Structures are given as C-alpha cells and as structure tokens.
Chemist: 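I have a structure here, written as structure tokens, and I will follow up with some questions on it.
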Amino acid sequence: MGTIISGDRVKQIAAKIEHKLINTLGTTLEEAANDEIYKATAGCIRDDIMTKWAESRKKSDAQGVKKLYYMSAEFLMGRALSNNLINMEMYKDYRQALWKLGIDFDEIVEEETDAGLGNGGLGRLAACFLDSMATLNFPVIGCGIRYEFGLFKQKIMDGMQVEMEDDWLREGNIWEVERPELSVEVHFNGYIEEHWTEKGLKIIHKDYNTVVAVPYDMPVIGYKSDTPATLRLWSARSKQRFDLHSFNEGIYDKAMADQAFAEVISKVLYPADDHMQGKMLRLKQFYFLASATMQLMVKHHKEKKGDLHTLSDYVTVQINDTHPTLAIPELMRILMDEEGFGWEEAYAIVRKIFNYTNHTIMTEALECWDENMFKLLLPRIYQIICVMNEKYCDKLRIYYGEHHEKISKMSMIGNNQVRMANLCIAVCHRVNGVSQLHGDILKQQLFHDSYNLYPQKYIAITNGITHRRWLALANPQLCQLIKDHTTGDVLKDYRIFEQILLFKNDVSFQHKYQQIKQQNKKRFAKYIEKKQGVVINTDSIFDVQCKRMHEYKRQLMKCLHIIYLYQQLKKQPDYLSTPITFIFAAKAAPGYARAKDIIRLIHSVKDMIDADPVIREKIQVVFVENYSVSVAENLIPAADISEQISTAGMEASGTGNMKFMMNGALTIGTMDGANVEIFEQVGAENIFIFGASVEEVGNMKRYHTYNPGTVFEKNPKIRDICNCLIDGELPKIGKQKYSDIYQSLLFGEYGQPDQYFVLYDLPSYIETYDKVYNTYVNHYDEWIQKAIVNTAKSGFFSSDRTVAEYNDKIWKLSTIK
Ligand code: 26Q
C-alpha cells in the first residue's frame, strides 16, 4: 500500500465520520446535533485505537515481559479526544475533515465530559504517567475505581461554593470497554474459622457479604507508539442484579439492601484532598480496588506462567499514596489462603513486588483507620496485618530495643488505629517522595526512624507532566513555534526543548512568542465571557493561582495582597500603570469550612473592587468556576504570572508550577516542593523567590518564635490589610464576616500561632511582587526572555523523564518490542 497523501486522508476521514453518523447514530450530517458529531468523530478514531490496542496486548502477552500495575484511587484523565488524536498523529487531519464538513472542531471537543475521577495533583499525576508510559512502550496497566460520579461540579452562588453531582457517564463513555468475563468477587464482613487439617491450618471466611467487581478498560494511547497502556477501572455490582428469591419470599428490603450495599461502593469519589476522614465507605472502596486488582493479577500470572513462585519476576506494583495499601495484605491472603503458600514464602514474594509513593507530609492526611471498624469490615485482612506487625515489631526491637516510643510510633497498629503509611514503609521495596526537597523531608522527618534502618529504601523522584497534553494540546501555537525552531521530535524527546535557548535573543522569535501569549489570553477571555459573562482586559497582566483551595497553598495570602493593592490605589490612583487581572480557580472540599470562607472572601474583595469605578480600571478579580483539567488547559497558557506560594515544607511537589513554566509564565514562589528544582533549572534571574525557607519555618515551629502580633504592630501596611477584614469595608456575603480569618492570622488556633505563616511571609511577598510587576511593566523585553528560558528549561519536567527514572530506580521493566 502506498502512502496516502494528506488531502486524501482528510477526505476519507470526513467520509468515515458521515458514515458513522448514519450507521451507528441513525442521523445525517444535516440533522446531527453537536454531541452526535462528537460521538461519530470519537467513534472513528476509536476504531483505529481498538485495533492497535488488541495487537499490543497480544504482543506483550507473547513476549511475556514484566508488567507494572500502577494502582491509584484517582485518575484525573480529563478529555480524551484531542489527546488521542495528537498521539495518533491525526489531529490536523481530523480538524480539517470536520472543517470540510462545515463543523468547528473546537465546538465538538467541548461536547466531551471530563473524566474527573480525581481531586487534584495525585490523580492528574497518575494520568500523566499513563500517557508517558504508553509513549515509552512500557507494559503497564493502571488500576482504579470507576466512580459513577467524579469530583463534584462547583457553582458559585452569591460568592459561595455550591456543590453539584458530576454525572459524567450520563451520555455514555465511548472510550471504555466493559469486561464482564473478568469480573471477580470481593468479600466484606463475616468471621474467620480456622481448621487444622493434615495439610496444616485451613482458613475459612464465613458469612461474608459479596460484591462483584466488574472491570471497564480504557486504552491510553502513547505518542507514536504501538503499545497503548490500559486503564482498568473497577465498578461494583451486587451478585444478583435482582434477588428474585428474596423478592418472592416477600423480604423485599433484604433484596434491596444487598444491592444497595454493593453498588454504593463505586458510586462517588470522596472530595477530600489532603485530609483524612475515617469513613467506612471509603475503606470499602479501597479494599474493593485492592482485592479486585490482586485477584486478577494473580489469575493472569497463573494462566500465563502456571507458577506463582515467579510472580515477582513478572509483576511490580506502584501504589499511589497509601490508598491502595490493602493490596499488600490482600496478596498475602490470596497466596496463603487460596494458593497454599506458607507465611515466609508469601511474604518474600510480596516484599519484592510493592513500592509506595508518598504525596504529603501533613499528618492530618496520613491514612489511619479505626481498628474496630477495620476488624469488622475486613476480619481476615486485619489478622494478616496483625501478624505482619508482630513480626515487624520483633525486628524493630533488635535495633531499637530500649526505645519503646520509637517502636510504637512505627507500629502498623497503635492508638486503636490501623496506620497505612507505616504498613507501606515496613513492607515496600522502595518508598519515594515526589520532589528532591520532599524526599529529604521524608528521610529527615516523617520516616526518619525507618530511614535509619533502611536507608536504601528511600528515594526521591521529581514529578512531571505530559508535554503532549500540557503543551501540544493546550498550547498548539507555542508547540508549533518550538517545532519550527528545533530539529528532532519534541513530542517524543523532551530534551529538545532546550534548543530554543538559541533564540532567546532573537527579536523575531521573541515577537512570535509574545504574540502567542497574547492570543492565548484572548482565547481565555473569550471562554470566560461565554461561560461566566465576565469581560476581562486582555492588555492587563494575567496573574493566576489555580489549584485546590487549601490553607497551606495560601490563596488567602494572595487575597491579602490584592487588598493591599486596593488600599494603595485608593491613596494613589496611578499606583499601577498596567492593569492586573487576578485569576483564581479552586475547589474547596465540601467539609472544609475555612477553605470555603476563603472563596467567599475572594468574592467579597472582588465585589469591593468592582464597586469602585476608578480602581476597577486597574485591578480585576476573576474567580473561574468549576476548575478542572479542561479549564486548566485553557487557563494556564494564558498566564503571565504563576502563583506557587505554599508555606515552605508543605507542598510535596506541585505540578501546576511545571505546567505554567512550560507555557511561559514566570513563577512567584516559595522555596517549596518542585519550585526548588524550577529555580535550579532556570537560575535565580528567571524566577521570583520570596518567603521563609523550610529551615526557617522549622526553626520558628521548634523554638516557638513566630509571633504574628509583632508583624502586625511593626508593619502598618500589614495592619491596614488585616483591618480591612473586620472594619466593614468589604461587602458582606453570607451572614458571618471575616473575623474568624482575622483571628486565625493574628492569634492562630488551638493555642498555636498560624501554622501557615501568612503574615510572616506577606511583607516579603509584597516586596517581591513589586519586582515582578516592575519587570513586566518596565522591562518587557527581559520578561519575554525569561519566559523563553522557562519554556526552554521545562523539558526536565516532562513525565517522560519522571517515568524513565521510576523505571531505572524501581520497576526495571523492558519495553514492549
Ligand atoms: C485519603 C484517605 C482518606 C480521605 C482522603 C484521602 C486523600 C485523598 C486525596 C488524601 C490525599 C489526596 C490527594 C493528595 C494530593 O493530590 N497530593 C498532591 O500530590 C501531587 C502529586 O504528587 C503533588 O504535586 C502535590 O504537592 C500534593 O499535594
């Protein structure tokens, strides 16, 4: 077959789409609504993907290569259509084909609902990894939960967050394939009987409740790759869709109760981010994921190799934070109770297979479960953990004999709680942090005692983002500019980014680079006007903070800075020559009252500014509703300034910071998480750093030397800013005022000064922001050069680099040929 020239291909695609419309949707181009055209378009590329996927599965099975199970309770995939088209190298052709049919491609893309099966960074990281692993031809299966409802949709009503359900499957999901033949049973509750037989102890689980786990598979296409990865999401069903027996007996409620028990498990994603809540249903979700995945993993290996003793030669498991930890005792259970392995034999295998990524050092986020609840829900798993813990503590006693407090701190069970992080660090082969700084903090603080015993276990692997989505898809023009000025395929090789450094001083390149930023600002302005009816000035500076709402991320500090600028402008209306648009986008966990109050405060500040005809010409606050992957794709390429202002030591890595950098925004940030590495990549002159370091924060905590009252008294600016929260100038939203926030900034909570050090860092932030502003306004040519350096140095933060590092240091996979 000769190569088809592009024009012909476009024609063929257009014909295929029309054909799909008629054949599978029963409609014609003239009649079809946009959602039908989306389905037909996606259906066409899906056909090609399915072929590739099936062939690749065959290949990887035939080659018998070692496989990675990437387990995660969250996969924040976003939309798939454009991403799949880019990776299949069909993006331009499909765009043109639709254009030929008189249809706007961008409108069709908007028809797809985001797969929002994650809260934030951790879930998006899992999605970026799958893209990179597929691109690098690693044999991998992502395993998660097919939540019927993803992260809630956010509406803002009267300046306050209102949550609505995210019914993402309502219109169907064209990318998934149900695999009922691979269903497995998961057992909860009941009790354990032990019988001695001539073969030894036999464990029998009795009177349990059964839930059926049904897998839905989704292909994840890599760029120019013949080996798509698989994302396998488990859905919960009752064993009998309808229990006719109970129904006939007249016990309707039993029939209904069984069904409800089962199907609620995969109903909804918990919206808590970095905060542990010991809800029983959440524990059910986690065991459901763990058990289903381990059962199928064992079954697959048995079918292919026959002998489970070689399991650790053919599988490796990465657990994304502690949420899938129960896979560890579950694999022990399967090997011992179902396959007849002895404890030591089973444990030796398990220890080789599992690896754990930690994403947070905040103690309130560490996963612990009430021991009694745990015992009731998972009696056999509880027993296994108890034995594992006894043996572990015996070992610890050899090293830490006298230090009982150390052993009880490291124990998997303590204070009537089952502690998942302790289980992980005891058993896992490798434990990794997600930035260099975070890795150091794990060694020196959180897991210090364990690190002393097993130093080789602890490593750091800096996070990354897939530049296919965050550059090629989100910012096609910048991607094209890079392609035009480099040799080699940047989408395949992240090292190529650096080649544009050569053009840093090239006036024509600078001009093009800056024009692209301007067009992205216009694109976002159009979007926000259409979505929220807000008109923004595209000649203003776009200053963006988009991420989950959390006190440690300090959206509050940004808000106080805006109040400061307002007060300066009141005194001196020409304080700012170039206007600034402050753009926030953030969801707050529904139960996190303070986070919701900060959203309300941002809206009050916005109203205060909007009410002033002079000031609103200079500064504007925009709150983008319902932050999501798709919103990020639109917003980040439009940003001039990237706000990465967490309290030092609290943001494990951050990944938004990398997306902004790649798209040419300059960072104002603390020396926290991966900001440190961005600093190292671009150099001090191309980033704006402020605030206390991890060490300073640590010392203030240790020696109790932080006194916000002193800052307040000594610094009139800070005083004026804080007073604005309580003096009545802010327009009222809701019943309460902002005295709670004021109190916590000044006096802290529970007898401790504000643990986020907002007032401590605010003066340094204000000062540094002046430099940022001055550079933009008075040295715009330098600004563009700095932005170019940021893009040029962002290749390091490609998740292609990250997963290659995981493979070198942990997984040791061979690629599929
Ligand atoms: C766990 C148990 C019970 C209830 C809730 C949770 C839970 C859920 C989600 C705990 C944490 C999360 C999410 C954490 C998260 O997204 N962490 C972020 O991970 C990113 C990727 O590594 C980092 O870049 C961020 O710094 C980190 O905050």
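In each ligand, atom 1 is the first atom listed, and ligand 1 is the first ligand listed. Values reported hereafter were calculated over all heavy atoms of this structure, with side chains retained and with hydrogens, waters and symmetry mates removed. On a predicted model such as this, the values are computed, not experimentally measured, just so you know.
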Chemist: Can you name the atoms of ligand 1, numbered from 1 with element, that are less than 4.0 Å from a heavy atom of Gly654?
Modeler: 23 (C), 24 (O), 25 (C), 26 (O)
Chemist: Below 6.0 angstrom between ring centroids: does that apply to Tyr494 and Phe796?
Modeler: no
Chemist: Only heavy atoms of Tyr552, strictly under 4.0 Å: list the atoms of ligand 1 that pass.
Modeler: 28 (O)
Chemist: To the nearest 0.1 Å, how far is atom 12 (C) of ligand 1 from its closest protein heavy atom, and which atom is that?
Modeler: Asp274 N, 3.6 Å
Chemist: May I ask you to check if Lys587 and Phe152 form a cation-pi contact, with NZ or CZ under 6.0 angstrom from the six-membered ring centre and within 45° of the axis?
Modeler: yes
Chemist: Suppose we measure from atom 7 (C) of ligand 1 to each protein heavy atom; which comes out shortest, and what is that distance?
Modeler: His323 NE2, 3.5 Å
Chemist: For ligand 1, note which part of Asp321 has a heavy atom under 4.0 Å away: side chain, backbone, both or neither.
Modeler: neither
Chemist: Under a 4.0 angstrom heavy-atom cut-off, which atoms of ligand 1 come close to Ala652?
Modeler: 26 (O)
Chemist: Provide the closest heavy-atom pair for Leu437 versus Gly673 in the form atom of the first, atom of the second, distance.
Modeler: CD2-N, 3.5 Å
Chemist: One thing to verify: whether Asp167 and Lys153 come together as a salt bridge, which I'm taking to mean a side-chain N less than 4.0 angstrom from a carboxylate O.
Modeler: no
Chemist: For atom 25 (C) of ligand 1, what's the nearest protein heavy-atom neighbour? Residue, atom name and distance, please.
Modeler: Glu651 OE1, 3.4 Å
Chemist: For atom 3 (C) of ligand 1, which protein heavy atom lies nearest, and how many Å away is it?
Modeler: Met276 SD, 3.5 Å
Chemist: Using heavy atoms and a 4.0 Å limit, tell me yes or no: is Ala365 in contact with ligand 1?
Modeler: no
Chemist: Under a 4.0 Å heavy-atom limit, does Glu74 contact ligand 1 with its side chain, its backbone, both, or neither?
Modeler: side chain
Chemist: Between Glu749 and Arg594, does any side-chain N to carboxylate O distance fall below 4.0 Å?
Modeler: yes
Chemist: Looking at Phe75, Phe138, Tyr806, which one forms a ring pair (Phe, Tyr, Trp, His ring centres under 6.0 Å) with Phe129?
Modeler: Tyr806
Chemist: Determine whether the side chain, the backbone, both or neither of Arg282 has a heavy atom under 4.0 Å from any heavy atom of ligand 1.
Modeler: side chain
Chemist: Is Ala272 close enough to touch ligand 1? Criterion: a residue heavy atom under 4.0 Å from a ligand atom.
Modeler: yes
Chemist: Please identify which atoms of ligand 1 are closer than 4.0 Å to at least one heavy atom of Val434.
Modeler: 22 (O)
Chemist: So which heavy atom in the protein is nearest atom 22 (O) of ligand 1, and how far is it from that ligand atom?
Modeler: His359 ND1, 2.6 Å
Chemist: Any atom of ligand 1 sitting under 4.0 Å from a heavy atom of Trp369?
Modeler: no
Chemist: Tell me the protein heavy atom at minimum distance from atom 4 (C) of ligand 1, and give that distance in Å.
Modeler: His275 O, 3.5 Å
Chemist: Before accepting this row, confirm whether a basic side-chain N of the pair Asp114/Arg79 lies closer than 4.0 Å to the acidic partner's carboxylate O.
Modeler: yes
Chemist: Would a line drawn from the ring center of Tyr756 to the ring center of Tyr552 be shorter than 6.0 Å?
Modeler: no
Chemist: With a cutoff of 4.0 Å, is Thr360 in contact with ligand 1, counting heavy atoms of the residue only?
Modeler: no
Chemist: Evaluate the criterion salt bridge (Lys or Arg N to Asp or Glu O under 4.0 Å) for residue pair Glu651 and Arg554; output intermediate values, then yes/no.
Modeler: CA-CA 11 Å; Glu651 191 70 272; Arg554 300 200 292 195; over 6 Å; no
Chemist: Salt-bridged, Lys659 to Glu633, with N to O below 4.0 Å?
Modeler: no
Chemist: Does Lys284 qualify as a cation-pi partner of Phe288, given the criterion of NZ or CZ under 6.0 Å from the six-membered ring centre and within 45 degrees of its axis?
Modeler: no
Chemist: Closest non-hydrogen protein atom to atom 16 (O) of ligand 1, residue and atom name please, with distance?
Modeler: Leu122 N, 3.0 Å
Chemist: Please determine if Arg468 and Asp131 form a salt bridge, counting it only when a charged side-chain N lies under 4.0 Å from a carboxylate O.
Modeler: yes
Chemist: Looking at ligand 1, does Lys279 have a heavy atom less than 4.0 Å from it?
Modeler: no
